[in-house]
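Just so we're on the same page: letters track the sequence lines, and every chain starts at 1.
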Amino acid sequence: MILRRKKVVIISYILIIAVLTGCFNAKELDELGISLAMGIDHEDGKILITAEVVDPAFSSEASNTGEGSSVRYVQGIGNTILEALKDITLKFDRGIYSAHNKVLIFGEEIAKQGLVSHMDELIRDREQRESSYMLIAKGAKAYEVMGINSGIETIPANYILGLIKNVESNPKTVDFSIMDYLKHYYHEGHHPVAGVIEKIQKNEINETGEKSGTKGYELTVIGSALFKKDKLIGYLNGNDTKALNYLLDNVKGGIITFPATSVLEEVQSQESEQILNSVNVIKVKTKNDVELEGDKVILKSKVYVRAALGELLENTDISKEGNLKRIEDDCSKTVELNIKAAVQKVQKEFGIDIFGFGIVFHRKYPKQWKKIKDYWDEIFADAEYQIEVNTHIIRTGLINRPLEK
Amino acid sequence: MNSRNVKITGDKLYYSQALLLIISYRLLLALTYTPALVTTPADQDVWIMLLLSIPYAILISLPILYLGNKFNQYDFFEYTEMIAGKIIGKILAVLYSFAFLSFFIFFSSVFIEILNTALYNQTPTIVNTVILLATCSYVVSKGIMNLARLGEIVIPFIIIVFLLLAVLGIGDYDFTVFLPILKESTFKDLNIGAIDISFRYIDVLVLAMLIPYLEDKKDVNKIFIKSLVCSTIFSILAVVVIQATLGIEYSKRITFSYYTYTRLIKIGETQGFDLLYVASWIMGNIIKLSGYFYFATTAMANVTKKRNQFFIIPVAVISVAVIVFLKDYRPVIAARDPFKSIFRIISIIFIIIIPLIILIIYFFRRKTLNKTGGAKRK
């Protein structure tokens, strides 16, 4: 009797499981338009969405022959992002599935008008992931930079993703997600920054290696976009972005190229060319501080660089401790000058704190912060900036004496 | 199964089972919508406010705890009947069944809301609700001992997943968001928040109902203190990971902040750790909701002198109707008012006011009660 009851229960369970699995929320793969990158623009007073959708029919054979495209671009227009997304459904036979969106590109125009209100749908909707990278199309509409692929990846979104991830080896760009942007947006005393993407002409080289004129385009993510609250107000170039990454403690690698200043004096009399050395950055640790001396605000940074010798163009024997120390000092000096120049540029040209010194001030002087928080940007713009950089070269490579005789 | 059945069968609730059950109630609150994030002072000092809520929670729970210790052979309804008389006792049992039912319906609505919003947004509310209620009804029909045994397996799993997720997200933490400490919020703000939070410690009612089932009745205070401290630590950990990852301001704007936190966990290119959270969260909620459901039906059983199983189906049917109506009328968590106010009033009445009145009556009648042996500890 018990055995029979158990059998009935087991059969019932199997039947229930068979009926219930994926009943309402089943989304069949062949009904989805999987979007990997999305562009958001403002055009003629409306929102224009461009989605890069994977074409499942694109085969690996087609990829090898270079025929066809692995993605399709679909556009929708509306008064809001949601309306624009729904507009796509009237032109494209599959529903846009944005859970796999890796990159969100905002056109320059929409970024200048303010981004946060347009992000509402992206965050409210469970499909879109907050960890998607965010880029601003420099001097262009988002759809103008989409579809360009000069990389190895067959999918353009993966090509862009690869460029962003290269921040690990070159900090002249930033790899901020929507989440990072919003976090900085809500911080008092810290304006948000986003990555940029720009279409540039490239030199096409034929098979023999000769340049065949400037044809075609490639993308670059060099630099960063600066926001006052959520409105785009300008861009930083690659070197200034590198300095920004140093101050945000967001450096994961890269190189530092610096002139050999101490030997420069001797050489300068004979040669006008600078002698440059390079180190590979292993680790960077930055501590920002703010000092209040009377009414005067002093911004301070201490940067610790741990590096490996990458390229030594000066004829120096680094097996001698003194020489290595001097190279470290040269490196520190260059980092110091570059960061100082970037901070002063931001102070003078933009007058907004993108480095987070306001957060440090808030932490250190909470009482005073309440009084000055509304004027922090003006205080930041006029503040004195001091920096101290310490470089430690911990690896010297496979040679310790110059190759030059 | 009520306390009388337990006495007959000799089936007892172990210390660890009761402790895990009570811990899970508050842990799941933190994992669902983390109310502490938006409770005064709602800034970087929230974790201090949570620590401060411990003494308030003890203070608020004192009347129930005292009575529970005195009448440790009886459940809450049995001893209120002994102290306040049969009629008042019955009225209170009806009121408490209403309270447990309110908790059950409120938390079920929250459960359905997160399912509808974040996971199964195309599934009709009624389908999710019926599946939930069918599961809870089955668990409740098997009695509190089976619920406790299930909890013994599921709750450690939830805690392990919770700790694992806290470790996995470590790369995204920014602890500087917690600075400056105690500069933004006043002592008054922290205390207001701590009192507000301690009113949410409704699980002392569950403990009061579990006392007669305990193997060793002397464990009551130990279970209460340990569960309070552990659940507060877990709540603090939940708040810390959310705020350190999402920032103070942004985390306040998210309805299901812990879920968002789990969505952000990324190791290399691997994402989707939210699945772990969802799996453990669903299992935990089944236990939590079944507990409220069980005690609501037990209260009804106490009034009518019938077995609590008798009420399971009717209560489940009514609950489905109410939950579907609530959920399809207004979001419960996203639109916090008026549910927050109603919930607070229910907590104040049933955790403080009624037990305090019963306690006062007990002090007036204790000589008579002691003569009849009602409160004698065995």
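Scanning all heavy atoms of the two residues, the minimum distance from B:Q271 to A:S131 falls at NE2-OG, 2.7 Å. Between A:M179 and B:L264, the closest heavy-atom pair is SD-CD1, 3.4 Å. Contact record, A:Q128 with B:R263: O-NH2, 2.7 Å, taken as the closest heavy-atom pair. Contact record, A:P366 with B:E184: CB-OE2, 4.5 Å, taken as the closest heavy-atom pair.
Without hydrogens or angle criteria, A:K364 side chain to B:P180 main chain gives no donor-acceptor distance under 3.5 Å.
Atom CG of B:L168 has more than 12 heavy atoms from other residues, nucleotides or ligands within 6.0 Å. Surrounding CZ of B:F310 are at most 12 heavy atoms belonging to other residues, nucleotides or ligands under 6.0 Å away. Counting heavy-atom neighbours within 6.0 Å of B:I267 CD1, excluding the residue itself, gives a total above 12. The number of heavy atoms from other shown groups lying within 6.0 Å of NZ (A:K228) does not exceed 12. Environment of CZ in B:R149: crowded, with over 12 heavy atoms of neighbouring residues, nucleotides or ligands closer than 6.0 Å.
Contacts between A:K165 and chain B at a heavy-atom distance below 4.5 Å involve the side chain alone, from C-beta outward. Of the two parts of A:H184, neither the backbone nor the side chain holds a non-hydrogen atom closer than 4.5 Å to a non-hydrogen atom of chain B. For chain B, no part of A:K367 is nearby; none of its heavy atoms comes within less than 4.5 Å. For a residue to count as touching a neighbouring chain, one of its non-hydrogen atoms must lie under 4.5 Å from one of that chain's; by this rule B:N128 does not touch chain A. Looking at B:K266, the atoms closer than 4.5 Å to chain A (heavy atoms on both sides) all sit in the side chain, from C-beta outward. Using a 4.5 Å cut-off between heavy atoms, B:S251 does not touch chain A at all. With a 4.5 Å cut-off on non-hydrogen atoms, B:L246 touches chain A through its backbone and its side chain both.
Interatomic distance, CD of B:E249 versus NE2 of A:H187, reported as 9.5 Å (0.5 Å rounding). Here the straight-line distance linking atom CD of A:E130 with atom CD1 of B:I254 works out to 7.0 Å at 0.5 Å rounding.
Heavy-atom pairs under 4.5 Å with chain A were tallied for B:D172, B:T117, B:T176, B:D174; the largest tally goes to B:T176.
By the 4.5 Å heavy-atom criterion applied to side chains, A:Y186 and B:R253 are counted as neighbours. Side-chain contact between A:W369 and B:K183: absent, with no pair of heavy atoms (C-beta onward) separated by less than 4.5 Å.
Remark: A:Y133 engages no residue in a side chain to side chain donor-acceptor pair (under 3.5 Å) (not counting sequence neighbours).
For a heavy-atom cut-off of 4.5 Å, chain B lies close to A:H362, A:R363 in residues 355-363 of chain A.
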Distance-only check: which donor-acceptor pairs under 3.5 Å involve side-chain atoms of residues 283-290 of chain B, not counting sequence neighbours?
{"residue": "B:N285", "atom": "ND2", "partner": "B:W281", "partner atom": "O", "Å": "3.1"}
{"residue": "B:K288", "atom": "NZ", "partner": "B:Y25", "partner atom": "O", "Å": "3.0"}
{"residue": "B:S290", "atom": "OG", "partner": "B:I286", "partner atom": "O", "Å": "2.5"}

Contacts under 3.5 angstrom, residues 117-124 of chain A side chains, donor-acceptor by atom type, not counting sequence neighbours:
{"residue": "A:D120", "atom": "OD1", "partner": "A:R124", "partner atom": "NE", "Å": "2.8"}
{"residue": "A:D120", "atom": "OD1", "partner": "A:R124", "partner atom": "NH2", "Å": "3.4"}
{"residue": "A:D120", "atom": "OD2", "partner": "A:R124", "partner atom": "NH2", "Å": "3.0"}

